[in-house]
Amino acid sequence: QVQLVESGGGLVQAGGSLRLSCTASGRSLSLYTAGWFRQAPGKEREFVASISWSGGSTYYADSVKGRCTVSRDNAKNTVNLQIDSLKPEDTAVYYCATKPRWASVAGNANYDYWGQGTQVTVSS
């Protein structure tokens, strides 16, 4: 059974930083592209960042580009999302997800497993 578990969320002041982690069990993340999404109250889930199975390609939403770094540690079966210069509009539940390596890293389609999410709240 595949499980993705996010951690690292919390309450932070605007301008601060957070490092979110997604750890997988039942699946070797090294074989899959991983993505981060977020959903704010009353809004649709939106793409944040993705990283290819090798770590060689990364993509970011315009809203986080320059403030966000996605990375992976395949030895630890973990994908990380560092968010700097946090803004109140970054407040959301953040989810990690995986999709097969054949699927485009840049697209939002084909994600087949999702975590339960971790709450990020940014106070002004």
Side-chain angles (χ1 to χ4, degrees):
Q1 182 180 359
V2 178
Q3 276 194 316
L4 301 176
V5 178
E6 301 93 339
S7 61
L11 174 64
V12 63
Q13 287 189 331
S17 299
L18 278 177
R19 183 179 176 84
L20 307 181
S21 294
C22 173
T23 301
S25 60
R27 166 174 282 193
S28 174
L29 281 182
S30 64
L31 301 178
Y32 297 88
T33 289
W36 285 93
F37 293 77
R38 66 186 182 186
Q39 187 166 21
K43 295 187 177 181
E44 293 188 354
R45 186 173 60 196
E46 64 174 0
F47 168 79
V48 177
S50 60
I51 184 167
S52 63
W53 63 273
S54 67
S57 296
T58 55
Y59 290 89
Y60 298 94
D62 288 342
S63 58
V64 300
K65 200 170 293 183
R67 302 188 293 121
C68 209
T69 303
V70 60
S71 61
R72 65 191 308 153
D73 186 339
N74 287 338
K76 295 182 178 179
N77 221 26
T78 298
V79 177
N80 303 303
L81 184 71
Q82 175 79 25
I83 315 174
D84 300 316
S85 303
L86 280 158
K87 306 174 183 179
E89 50 264 45
D90 293 320
T91 295
V93 178
Y94 283 71
Y95 301 89
C96 71
T98 61
K99 61 179 174 180
R101 56 199 283 178
W102 53 259
S104 172
V105 179
N108 291 346
N110 301 117
Y111 283 95
D112 54 0
Y113 286 97
W114 295 79
Q116 292 299 307
T118 185
Q119 176 71 48
V120 171
T121 303
V122 184
S123 63
S124 57

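Any value given below was found using the heavy atoms of this structure, including those in side chains, with hydrogens, waters and symmetry copies removed.
Under the salt bridge (charged side-chain N to carboxylate O under 4.0 Å, His left out) criterion, the residue pairs touching residues 108-124 are R27-D112, with sequence neighbours excluded. Legend: disulfide bond (SG atoms under 2.5 Å apart) pairs involving residues 29-66, not counting sequence neighbours: none detected. Residue pairs meeting the salt bridge (charged side-chain N to carboxylate O under 4.0 Å, His left out) criterion with at least one member in residues 69-82, sequence neighbours excluded, do not occur. Applying the ring pair (Phe, Tyr, Trp, His ring centres under 6.0 Å) test to every pair with at least one member in residues 12-50, sequence neighbours left out, gives these pairs: F37-F47, F37-Y111, F37-W114. Screening residues 37-56 for salt bridge (charged side-chain N to carboxylate O under 4.0 Å, His left out), with sequence neighbours left out, gives R38-E46, R38-D90. Listed by first and then second residue, the ring pair (Phe, Tyr, Trp, His ring centres under 6.0 Å) pairs involving residues 59-108 amount to none (not counting sequence neighbours).
Under the side chain to side chain donor-acceptor pair (under 3.5 Å) criterion, K65 pairs with D62, sequence neighbours left out. Annotation: side chain to side chain donor-acceptor pair (under 3.5 Å) contacts of S71 (sequence neighbours excluded): none. Checked against side chain to side chain donor-acceptor pair (under 3.5 Å), S28 has the following partners two or more places apart in sequence or in another chain: S30. Applying the side chain to side chain donor-acceptor pair (under 3.5 Å) criterion to T33, with sequence neighbours excluded, gives no partner residue.
Residues L4 and A97 come closest through the heavy atom pair CD1-CA, 3.9 Å. When all heavy atoms are compared, the tightest approach of S25 to N77 is N-ND2, 4.5 Å. The nearest pair of heavy atoms linking V48 to L81 is CG1-CD2, 4.1 Å.
In this structure, CD on E89 lies 9.0 Å from OG on S63, to the nearest 0.5 angstrom. With rounding to the nearest 0.5 angstrom, the OG1 atom of T98 is 11.0 Å from the CG atom of N110.
Considering only heavy atoms from C-beta on, L31 comes within 4.5 Å of R101 through its side chain. Put simply, the side chain of T23 does not reach to within 4.5 Å of the side chain of Q3, judged on heavy atoms. Side-chain contact between L29 and T78 is absent, with no heavy-atom pair separated by less than 4.5 Å.
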Atom pairs and distances, side-chain donor-acceptor, residues 6-20, under 3.5 Å, sequence neighbours left out:
| from | atom 1 | to | atom 2 | distance (Å) |
| --- | --- | --- | --- | --- |
| E6 | OE1 | Q116 | N | 3.1 |
| E6 | OE1 | G117 | N | 2.8 |
| E6 | OE2 | C96 | N | 2.9 |
| E6 | OE2 | G117 | N | 3.3 |
| S17 | OG | D84 | OD1 | 2.8 |

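A donor-acceptor pair under 3.5 Å is absent between the side-chain atoms of K87 and the main chain of V122, judged by distance alone.
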